[in-house]
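Below you'll find the structure I mean.
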Amino acid sequence: MDRTLYFILLLVDLCSVSECVQRQYYFINENKTWTEAQRYCREKYTDLATVDNMNELNKLNKTLNDRSVEFVWIGLQRKWQWSSGDPLLYLNWGNAQPDGKDECAFIRSGQWHDGGCSATNAFICYSANTGLVFVNQLKNWGDAQRYCRQNHTDLVSVRNQNENEQVQKIISDNNSSGSDAWIGLFRDSWQWSDQSNFSFTDWSTGQPNNDGGYENCTAVKHDSRGQWHDIVCNKQFPLVCHEDKLIVIRENLTWSGALRYCRQNHVDLVSVHSEEMQHEVMNVVKRASTAAVWLGLRHSRIFSIWFWVSGETVCYQKWAPGNGTSEEDCEHTVRSGAVQSGGDQRWISRPETDQLNFICSRY
């Protein structure tokens, strides 16, 4: 029998496999604040529980069966974001900050604090032309934002330790008293702790209501319906952690190096057999630091087909235009498959010698 035909016949039956991609949930019967719960889950598992669909909701609620608790923390919190739209990759909160009471951030002695947006402070603008601009005028956060956007670019974003030190220096150089100064950080819409897309909700009737103005975290009410309530973050409840099926490794390796790493430290480079698995990939790939991220996808010049390292042929496909075609057969470079970390996160063909982040499967 022709080798190519034999290989295809050997694998074609596997195209019906549809992997069930569900998070594993773990109930932790220890009373913690939301921030303490987040820290615990990130140390022991992946993060505080994320819920993306009805199947996951049912699975999470099932973990609470027979538990004598009233509320349980999950990973949904009203998020902090930069006025400029820059990603929030660096944090430098002061002790016991943010305390969950306020929606805008200022800098004091190099550390960040949350404050009432109606308070008045000096502030720091960023100009695309001249860099940092200290404005020694007392304005509330909204007026400071408008001033910066009208006269410069925006309120300053602080993206790393070096920028934090620069901001503190410009305050010290321009104001001997070292007063508080607004930065461009504010709290707005809801977001999952693990940065997953926020689209699915199960709020109880009348929730979220932000009663008292401080309810910035989410807990499941453990009753017959198991729906969500917004609650003050410093209350103490048990928690539910989750462990993801997939993990992004922010280390740049060739495709072969990534395959070896995943098999030594987890299970394998990820294989994407279904729309459900692609959704999981899209959720985690945004944490990558490279424009593309290796998948367990390989092109065989001998058999003229793409296949997954798990042994399955590529039945479900999410190729970007111009990728995944027969043109790879004519190239001398060994090709492997990656997923775009931005845009619509489609698959692309890359030389296997490229050095990229990669996604490992844990199960």
Side-chain angles (χ1 to χ4, degrees), residues 32-39 48 71 73-126 132 134-149 154-159 161 163-164 167-168 170-171 175 177-193 195 198 203 206-219 228-237 239:
K32 298 179 183 295
T33 67
W34 191 93
T35 301
E36 291 169 344
Q38 180 191 54
R39 185 181 306 117
L48 262 173
F71 285 102
W73 288 127
I74 58 174
L76 192 60
Q77 184 186 42
R78 212 184 305 271
K79 69 177 181 178
W80 289 92
Q81 61 186 47
W82 292 112
S83 174
S84 63
D86 286 330
L88 184 60
L89 303 176
Y90 168 79
L91 296 171
N92 195 43
W93 293 110
N95 186 41
Q97 294 289 319
D99 60 16
K101 297 180 180 179
D102 300 296
E103 310 299 325
C104 294
F106 61 88
I107 188 168
R108 172 189 293 166
S109 301
Q111 293 189 309
W112 307 350
H113 296 253
D114 61 345
C117 301
S118 61
T120 58
N121 290 314
F123 53 98
I124 301 164
C125 301
Y126 171 76
L132 300 182
F134 179 80
V135 182
N136 196 13
Q137 300 178 27
L138 296 180
K139 294 183 180 292
N140 63 44
W141 191 93
D143 288 343
Q145 181 193 52
R146 278 187 289 275
Y147 179 96
C148 290
R149 289 179 171 179
D154 210 324
L155 273 169
V156 67
S157 299
V158 185
R159 298 168 294 184
Q161 182 63 34
E163 290 184 358
N164 199 73
V167 167
Q168 185 55 39
I170 197 173
I171 295 174
N175 192 321
S177 64
S179 63
D180 301 338
W182 290 126
I183 57 177
L185 193 62
F186 70 105
R187 181 157 43 196
D188 187 17
S189 57
W190 293 92
Q191 186 177 57
W192 291 109
S193 175
Q195 309 298 305
F198 175 58
W203 295 110
Q207 298 287 325
N209 61 2
N210 199 22
D211 186 24
Y214 303 142
E215 295 187 334
N216 295 307
C217 295
T218 305
W228 306 351
H229 291 244
D230 60 340
I231 291 181
V232 176
C233 302
N234 61 9
K235 289 194 174 181
Q236 295 198 343
F237 300 126
L239 51 136

Check your understanding: Do you know the tightest heavy-atom contact between Asn140 and Ser118?
Key ->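 Between these two residues, the closest heavy atoms are CB-O, 3.7 Å.
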Check your understanding: Ring centroid separation for Trp228 and Trp190, is it under 6.0 angstrom?
Key ->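 Judged by ring-centre distance (under 6.0 Å), Trp228 and Trp190 do not meet the cut-off.
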Point to revise | Closest non-hydrogen atom pair between Tyr126 and Leu132, with its separation | key: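 So the two residues come closest at CD1-CD2, 4.4 Å.
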Review point. Can you find a heavy atom in the side chain of Asn92 that is under 4.5 Å from one in the side chain of Val158?
Key: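 With C-beta onward as the side chain, the pair stays apart.
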Practice item. Could you tell me which non-hydrogen atom of Trp203 sits nearest to which non-hydrogen atom of Asp230, and how far apart they are? Key: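 The answer is CZ3-N, 3.7 Å.
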Review point. Do you know which two heavy atoms are closest between Ala105 and Trp182, and how far apart they sit?
Key: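 In terms of heavy atoms, the two residues are closest at O-CE3, 3.3 Å.
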**Study point:** Test log, rule side chain to side chain contact (heavy atoms under 4.5 Å, CB included), inputs Cys125 and Val135
**Key:** CA-CA 7 Å; Cys125 301; Val135 182; 3.9 Å; yes
Practice item. Give, for atom CZ of Arg149 and atom CG of Leu155, the distance between the pair rounded to the nearest 0.5 Å. Key: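 Rounded to the nearest 0.5 Å, the CZ-CG separation comes to 8.0 Å.
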Review point. Of all heavy-atom pairs between Ala181 and Ile171, which one has the smallest distance, and what is that distance?
Key: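 The pair with the smallest heavy-atom distance is CB-CD1, 3.8 Å.
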Check your understanding: Roughly how far apart are Ile183 CD1 and Trp141 CH2, rounded to 0.5 Å?
Key ->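 If we round to the nearest 0.5 Å, Ile183:CD1 and Trp141:CH2 are 10.0 Å apart.
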Point to revise | Beyond-backbone contact of Asn216 with Glu103, side-chain heavy atoms, under 4.5 angstrom | key: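 The answer is yes; the side chains approach within 4.5 Å.
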Review point. Any side-chain heavy atom of Val156 within less than 4.5 Å of one from Phe123?
Key: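 No - every pair of side-chain heavy atoms lies 4.5 Å or more apart.
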Practice item. Check the pair Glu36, Gln236 against side chain to side chain contact (heavy atoms under 4.5 Å, CB included), reporting the backbone distance first and the verdict last. Key: CA-CA 9 Å; Glu36 291 169 344; Gln236 295 198 343; 4.0 Å; yes
Review point. What is the ring orientation for Phe71 with Phe237, classed by angle as parallel under 30°, tilted 30 to 60°, or perpendicular over 60°?
Key: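 Correct class here is tilted.
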Review point. How are the rings of Trp112 and Trp93 set to each other: parallel, tilted or perpendicular (split at 30° and 60°)?
Key: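 Taking Trp93 first and then Trp112, their aromatic rings stand perpendicular (interplane angle over 60°).
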Check your understanding: What is the distance from atom CH2 of Trp80 to atom CD of Gln191, rounded to the nearest 0.5 Å?
Key ->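 The CD atom of Gln191 is 13.5 Å from CH2 of Trp80, to the nearest 0.5 Å.
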Exercise for review: Please step through side chain to side chain contact (heavy atoms under 4.5 Å, CB included) for the pair Glu163 and Tyr90, ending with a clear verdict.
Suggested key: CA-CA 10 Å; Glu163 290 184 358; Tyr90 168 79; over 6 Å; no
**Study point:** Inter-residue atom distance Leu138.CG - Asn136.CG, 0.5 Å rounding
**Key:**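 If I round to the nearest 0.5 Å, the distance is 7.0 Å.
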Practice item. Verify the distance criterion only: is there a donor paired with an acceptor across the side chains of Asp86 and Ser157 at less than 3.5 Å? Key: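 Looking only at side-chain atoms, Ser157 and Asp86 do form a donor-acceptor pair, the distance falling under 3.5 Å.
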Check your understanding: Does a side-chain heavy-atom distance below 4.5 Å link Trp34 with Leu48?
Key ->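 The answer is yes, as the side chains (C-beta and beyond) meet within the 4.5 Å cut-off.
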**Study point:** Taking every non-hydrogen atom, the tightest pair across Leu88 and Trp82
**Key:**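 Closest pair (atom of Leu88, atom of Trp82, distance): CD1-NE1, 3.4 Å.
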Check your understanding: Is any side-chain heavy atom of His113 less than 4.5 Å from a side-chain heavy atom of Phe106?
Key ->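 They are in side-chain contact.
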Exercise for review: Look up atom OG1 in Thr218 and atom CD in Gln207, then write down how far apart they are to the nearest 0.5 Å.
Suggested key: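 With rounding to 0.5 Å, OG1 (Thr218) is 9.0 Å from CD (Gln207).
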Practice item. Apply the test side chain to side chain contact (heavy atoms under 4.5 Å, CB included) to residues Gln111 and Asn95: give CA-CA distance (whole Å), side-chain angles for both, the deciding distance (0.1 Å), then the verdict. Key: CA-CA 9 Å; Gln111 293 189 309; Asn95 186 41; 5.8 Å; no
Practice item. Find out whether Lys32 and Arg39 are in side-chain contact, i.e. whether some heavy atom of one side chain is under 4.5 Å from a heavy atom of the other. Key: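 Sidechains of Arg39 and Lys32: no contact.
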Exercise for review: Working to the nearest 0.5 Å, report the span between CD of Gln97 and CG of Asp102.
Suggested key: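 The CD atom of Gln97 sits 8.5 Å away from the CG atom of Asp102.
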Check your understanding: Do other residues, nucleotides or ligands put more than 12 heavy atoms under 6.0 Å from Lys139 NZ?
Key ->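 Counting other residues, nucleotides and ligands, NZ of Lys139 exceeds 12 neighbours.
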